[in-house]
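Here is how names work: the chains are called A, B, and so on, in the same order as the sequence lines, proteins then strands, and each is numbered from 1. Values below: all heavy atoms of this structure, side chains included; hydrogens, waters and symmetry mates excluded.
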Amino acid sequence: MLDVKFVRDNMELVRRMLTNRQSDLDLEPLLKLDETRRSLLVDVEEKKHRRNVASEEISRLKKEKQDAAGLVEEMKDLGREIKSIDLRLSEVEHEFREFLLNIPNVPHDSVPVGRDEKDNREIRTWGEKPVFDFEPAPHWEIGEGLGILDFERGAKIAGARFTLYWGAASALERALICFMLDVHTKRHGYTEVMPPFMVNSSSMTGTGQLPKFKDDLFKLEGWDYWLVPTAEVPVTNIHSGEILDESMLPRCYTAYTPCFRSEAGSHGKDTRGLIRQHQFNKVELVKLARPEDSYDELEKLLDNAETILRELGIHYRVVLLCTGDMGFSSAKTYDIEVWLPGQNTYREISSCSNFEDFQARRANIRFRQKGRSRTQLVHTLNGSGLAVGRTLVAILENFQQEDGTVVIPEVLRPYMGNMKVIQRGVMS
RNA sequence: GGAGAGAUGGCCGAGUCGGCUGAAGGCGCUCGCCUGCUAAGCGAGUGUAGGGUGUAAAGCUCUACCGAGGGUUCGAAUCCCUCUCUCUCCGCCA
């Protein structure tokens with residue numbers, strides 16, 4: 001959520017921002033609502049003041065045993081007026097807030113202006129595409145061939161976009177989670193948390209999933225509970241409504257959670273394999289930082305996420321998203337795209353963003369600086385570190401051998417009872 | 001699921017028959033004084049948000065907030081209703 005005062009004072013900038021984001025949102029209604037809201041506020045507050053003064057007067061008169069009936073009558077009328085203005089005010093305020101909640105964040109100056117993913121800017125690459133002396137297979141063929149990924153039964157148990165892992169695949173998934181958490185906690189200094197996997201509407205609004213992206217979420221019938229689409233939601237909201245001490249910043253949290261997404265609007269896209277599932281595992285990195293540090297923290301967070309792929313020895317590239325391709329809440333986003341030889345393409349495996357104070361204003365996360373009386377909003381950041389399912393995909397495709405087996409990266413072997421190669425399993 | 005107790009400022013904790021209580025008292029914290037050092041002592045200050053005024057900061061001023069929402073009343077932390085959360089006991093359960 002943007003600050004109204006900022007919108008009011010920077011109309012041209014905000015309009016340009018909306019154009020750059022390919023949005024045709026008209027800001028006029030917002031200004032109108034803001035004006036109405038403030039004039040009602042001035043009116044009702046003045047009336048409340050009068051009432052407060054009169055109430056004291058009544059109390060005084062009564063103490064002195066004098067007649068206050070006239071004043072009481074007058075105040076009855078005033079009370080009715082106040083009530084009706086308050087009612088209108090709350091309607092206007094609600095509408096006003098809804099509008100504000102639907103305006104996307106302003107991209108940082110360093111973000112390239114562009115239409116779609118074709119205008120994203122490649123920042124760097126790491127490693128090289130592996131060379132095969134055979135035709136590399138896509139992961140679904142490898143997984144089914146080894147008997148460790150069972151798409152048919154996943155669909156039978158739940159439906160499309162659900163997969164059953166067997167044996168080495170589930171062990172590998174578990175190993176990846178442990179490995180990632182260990183790297184981030186022991187080497188990068190993050191604190192591990194395990195949050196609720198369902199959250200309420202207020203948390204979803206805090207990080208920006210609601211109200212605009214309701215259709216992408218799974219909601220529990222009869223409850224104000226939503227399945228988390230990413231750990232970003234519960235973890236960023238850990239400090240919602242709190243005022244932190246400056247000495248506590250930056251806060252660096254890492255969390256493993258499953259993620260649930262409806263994938264509405266992507267019918268027919270990535271239907272094969274593990275790329276686009278309704279449920280997948282992810283290790284997330286979340287930071288709360290001082291505004292002046294947040295862009296340095298973003299670079300560090302990005303590097304922390306890249307470390308995982310470097311340790312695994314898998315080729316990737318880092319891409320800076322352009323204005324037209326960025327997420328709604330983000331001010332700047334880097335995607336890490338991993339190389340998938342079986343599909344001859346790069347796929348997003350992590351998205352690292354600085355939201356500046358956009359989420360903090362919604363979730364009301366502030367901090368107090370020594371020597372300053374005003375509280376300030378923190379900056380929030382997050383990134384995948386990494387998407388576990390897609391990492392498993394990358395391992396299968398990058399380390400596959402001609403006989404259909406897959407070599408396990410060195411760093412994961414201690415987590416898998418020193419298994420070196422995934423052989424054909426016992427799916428039955 | 002059944003029975004009961006509670007929710008007040010950073011923390012503890014008072015709020016009488018509704019009125020000058022944004023909230024006593026204590027602790028903590030900040031600044032100053034005092035003191036070989038430390039401890040103790042003394043003095044002052046110490047919530048958040050929004051609006052108006054101000055070029056801005058400061059300041060001044062108003063409004064709201066005692067779990068949340070609604071009601072009664074000229075006026076509610078205080079009375080009434082609904083909800084949420086916490087705690088205790090019983091039952092059930094991984």
Close approaches to RNA chain B from residues 92-105 of chain A, in residue order (heavy atom, under 4.0 Å): none
The criterion is ring-ring contact (aromatic ring centres under 6.0 Å, His included); which residues satisfy it with [X], sequence neighbours excluded?
X      : value
A:F96  : none
A:H379 : none
A:F367 : none
A:F358 : A:F328

Residue whose closest nucleotide on RNA chain B lies nearer the 5' end, A:L41 versus A:R60: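 The residue whose closest nucleotide sits nearer the 5' end is A:R60.
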Sequence neighbours excluded - salt bridge (charged side-chain N to carboxylate O under 4.0 Å, His left out) pairs with any residue from residues 82-91 of chain A: A:K48-A:D86
Salt bridge (charged side-chain N to carboxylate O under 4.0 Å, His left out) pairs, two or more places apart, involving residues 179-200 of chain A: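 Matches after skipping sequence neighbours: A:D182-A:K186, A:R187-A:E311.
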Between [M] and [N], how far apart are the [atom1] atoms? Round to whole Å, please.
N     : M     : atom1 : value
B:C17 : B:C79 : C1'   : 12 Å
B:U48 : B:G43 : C1'   : 28 Å
B:G45 : B:U88 : P     : 42 Å
B:A56 : B:G51 : P     : 14 Å
B:G15 : B:G9  : C1'   : 14 Å
B:C80 : B:A3  : C1'   : 24 Å
B:U30 : B:G47 : C1'   : 15 Å
B:C11 : B:G19 : C1'   : 30 Å

Residue pairs, two or more places apart or on separate chains, that pass side chain to side chain donor-acceptor pair (under 3.5 Å) and touch residues 265-274 of chain A: A:E263-A:S266, A:D270-A:R276, A:D270-A:R347
Sequence neighbours excluded - side chain to side chain donor-acceptor pair (under 3.5 Å) pairs with any residue from residues 318-331 of chain A: A:N120-A:D325, A:S330-A:T333
Contact summary for A:K212 and A:N102, nearest pair of heavy atoms: CG-OD1, 3.4 Å
Heavy-atom closest contact (A:R361 atom, A:D3 atom, distance):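 Residues A:R361 and A:D3, closest heavy atoms: NH1-N, 3.4 Å.
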[X] [atom1] to [N] [atom2]: how many Å, rounded?
X      : N     : atom1 : atom2 : value
A:K5   : B:A56 : NZ    : P     : 11 Å
A:E242 : B:U48 : CD    : C1'   : 15 Å
A:F367 : B:G10 : CZ    : P     : 18 Å
A:L377 : B:U48 : CG    : C1'   : 13 Å
A:D43  : B:G50 : CG    : C1'   : 16 Å
A:N200 : B:C83 : CG    : C1'   : 15 Å
A:I243 : B:G10 : CD1   : P     : 7 Å
A:D86  : B:G50 : CG    : C1'   : 13 Å

Watson-Crick or G-U pairs under 3.5 Å in RNA chain B, rendered as dot-bracket with [ ] for crossing pairs and | for another strand: ((((((((.[[[..)...(.....]]]((((((.......))))))(((((((.....))))))).[[[[[..)....]]]]])))))))....
Note, A:L40 side chain near A:V92 side chain (heavy atom, < 4.5 Å):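 Yes, at least one pair of side-chain atoms sits under 4.5 Å.
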Sugar-phosphate or base contact per nucleotide [nucleotides 59-75 of chain B; S, B, -; heavy atom under 4.0 Å]: ---BBS-------S-BS
Partner of A:K332 by side-chain hydrogen bond (donor to acceptor under 3.5 Å, both in side chains), out of A:S110, A:S353, A:S294: A:S110
Touch class at under 4.0 angstrom, heavy-atom based, for A:R366 against every strand present: sugar-phosphate
Within less than 4.0 Å of OP1 or OP2 of [N], is there a side-chain N or O belonging to [X]?
X      : N     : value
A:T375 : B:G47 : no
A:R368 : B:G47 : no
A:R38  : B:G52 : yes

With sequence neighbours excluded, residues passing salt bridge (charged side-chain N to carboxylate O under 4.0 Å, His left out) with A:D224: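 Expected list: none.
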